[in-house]
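Input: a single structure, listed below in C-alpha cells.
Everything numeric in this text was worked out from a predicted model, so none of it was measured. Residues: numbered from 1 along the sequence shown.
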Amino acid sequence: MINQLDYVKTEIAALEGGLMGTLAIGVATSCAKYLHEMIHAYRQHYPDVFIKMYKGDSAYLEQLLLTEEIELAFMLQPADLTNYDVIRLKQEPFVVVMPTSWHQQLATPAISLQQVNKYPLLMLGAMDGFSIHENILNFFSLKNLTPNIVLECKDIFTLLNFVVEKIGVAILPQSEIHDVFANQLQAVAIKDVTSVTKPSIITLKYATPSRRARFFMDVVAAILMEKYLEVNN
C-alpha cells in the first residue's frame, strides 16, 4: 500500500508539473507543414505527454477551441479575434495549382488572372468566419472577370486530386500544396494578386491553459521563432 501511495504521488506530481497527461491540438491542412518539427521539439522536452491531434478546416477547429475540446490550433487567422490570442506565422501567398502537363505548356514562371480565367476553376468551399473563398472571388471581380467555376469542395486533399485528374485548376494558399502530389501538380505564382493568407497558432483568450499547453507555446515557439514566426509578431 505504501508503494502504491508513493506511485500515486509521483503520478500526481508529474501531471501537475505538465510532464504527463494529454495535450489536444488542432491543425488545419494549410498549417500542417509547421507541426512536424514543433511536435518533434516538444517531445524531446516532454516525452511522456500524449498528444491528441484533431484535423479539419479552420472553421471546424474554431468550434473545437470554443468548446475547449482542444487547447490550441494551427489554423488560418479568424476574421474576428475577440475571443483569441494569436501567434502569427509567416504569411502565405496565393498560387494557382495545375496539372504538371498543363504547366509545361505555359512556359512562364507566373500567370495572370486573365490567363487563369481560361481554365475551369475548382473552388475551395466557403467557411464561416474565414474569407479565403470570398477573397478568391474578389480577385476576379476586381479585374472584371467571371471565373468558370465547375466544382466546389471544402476538403483540400480531394480538391487537389481533382486537379491531378485535370478537372480544372485551383487557387490556394501555397502551404496547401502537399508533397504527395509533387510530380503531378505545379504551383504557379499569380502576377496580379498580392493578398496573402495568415496561418497562426490560436488559443482561447479566456481559458486557463494547462501547463502542457503553456510549455508547447513557450518552449517550442521560442525554439522555432526565427524559422516560422512573423518578424514583427
Side-chain angles (χ1 to χ4, degrees), residues 28-34 56-62 74-82 84 86 88-178 181 185-200 202 228-233:
T29 308
S30 55
C31 303
K33 73 173 187 179
Y34 302 105
D57 62 37
S58 294
Y60 168 68
L61 297 179
E62 185 176 18
F74 289 76
M75 56 187 274
L76 297 179
Q77 183 175 302
D80 183 0
L81 297 177
T82 304
Y84 307 113
V86 179
R88 293 176 177 85
L89 303 172
K90 289 182 178 178
Q91 297 178 342
E92 291 283 345
F94 284 94
V95 295
V96 175
V97 188
M98 61 176 57
T100 299
S101 60
W102 292 8
H103 177 258
Q104 290 169 347
Q105 299 170 13
L106 276 180
T108 177
I111 190 171
S112 69
L113 283 176
Q114 185 76 48
Q115 291 172 292
V116 175
N117 211 39
K118 296 177 182 178
Y119 296 93
L121 183 65
L122 313 182
M123 281 288 290
L124 185 64
M127 298 180 289
D128 291 340
F130 298 86
S131 59
I132 287 183
H133 183 274
E134 292 78 9
N135 286 346
I136 293 172
L137 293 178
N138 285 338
F139 297 158
F140 291 94
S141 178
L142 291 172
K143 298 292 181 180
N144 296 314
L145 298 171
T146 302
N148 177 25
I149 301 172
V150 299
L151 183 147
E152 185 175 298
C153 177
K154 287 188 177 181
D155 182 73
I156 296 290
F157 197 83
T158 301
L159 198 67
L160 292 174
N161 270 300
F162 282 129
V163 176
V164 169
E165 295 300 325
K166 302 181 181 179
I167 306 299
V169 302
I171 296 178
L172 296 171
Q174 187 171 347
S175 58
E176 298 281 13
I177 316 306
H178 296 258
F181 297 108
L185 300 177
Q186 293 294 326
V188 186
I190 309 173
K191 295 177 182 177
D192 37 7
V193 170
T194 57
S195 295
V196 294
T197 56
K198 299 176 180 178
S200 306
I202 308 291
Y228 288 132
L229 300 190
E230 277 191 358
V231 175
N232 296 322
N233 186 51

Exercise. Any side-chain heavy-atom pair from Val169 and Leu122 closer than 4.5 angstrom?
Worked result: no

Exercise. Is there side-chain contact between Ile171 and Leu124, with at least one heavy-atom pair below 4.5 Å?
Worked result: no

Problem set entry | Student check: side-chain heavy atoms of Phe74 and Leu61 closer than 4.5 Å | no

Exercise. CG of Leu160 to CG of Leu172: how many Å apart, nearest 0.5 Å?
Worked result: 6.0 Å

Exercise. Between the side chain of Asp155 and the main-chain N/O of Thr158, is any donor-acceptor distance below 3.5 Å?
Worked result: yes

Exercise. Is there side-chain contact between Val163 and Pro99, with heavy atoms separated by less than 4.5 Å?
Worked result: yes

For this session: Spell out, as yes or no, whether a donor-acceptor pair under 3.5 Å connects the side chain of Gln105 to the backbone of Trp102.
Result: no

For this session: Please state whether the rings of Phe94 and Phe139 are parallel, tilted or perpendicular, taking 30° and 60° as the class boundaries.
Result: perpendicular

Exercise. Sequence neighbours excluded, which residues qualify as side-chain contact (heavy atoms from CB on, under 4.5 Å) partners of Ala110?
Worked result: Ala189, Lys191

For this session: Take Met98 and Ile111 through the side-chain contact (heavy atoms from CB on, under 4.5 Å) test and state the conclusion after the steps.
Result: CA-CA 11 Å; Met98 61 176 57; Ile111 190 171; 4.2 Å; yes

Exercise. Regarding Tyr84 and Gln77, is there a side-chain donor-to-acceptor distance under 3.5 Å anywhere?
Worked result: no

Problem set entry | Non-hydrogen side-chain atoms of Met123 and Leu121 separated by less than 4.5 Å | yes

Problem set entry | Side-chain touch Val95/Val97, heavy atoms, less than 4.5 angstrom | yes

Show which side-chain atoms of residues 143-153 pair as donor or acceptor with protein atoms under 3.5 Å away, not counting sequence neighbours.
unit_1	atom_1	unit_2	atom_2	d
Glu152	OE1	His133	NE2	3.2

Exercise. How far does OG of Ser58 sit from NZ of Lys154, to the nearest 0.5 angstrom?
Worked result: 11.5 Å

Exercise. Does Ser200 use its side chain to pair, donor to acceptor, with the backbone of Leu89 at less than 3.5 Å?
Worked result: no

Problem set entry | Partners passing side-chain contact (heavy atoms from CB on, under 4.5 Å) against Thr108 (at least two apart in sequence or in another chain) | Leu106

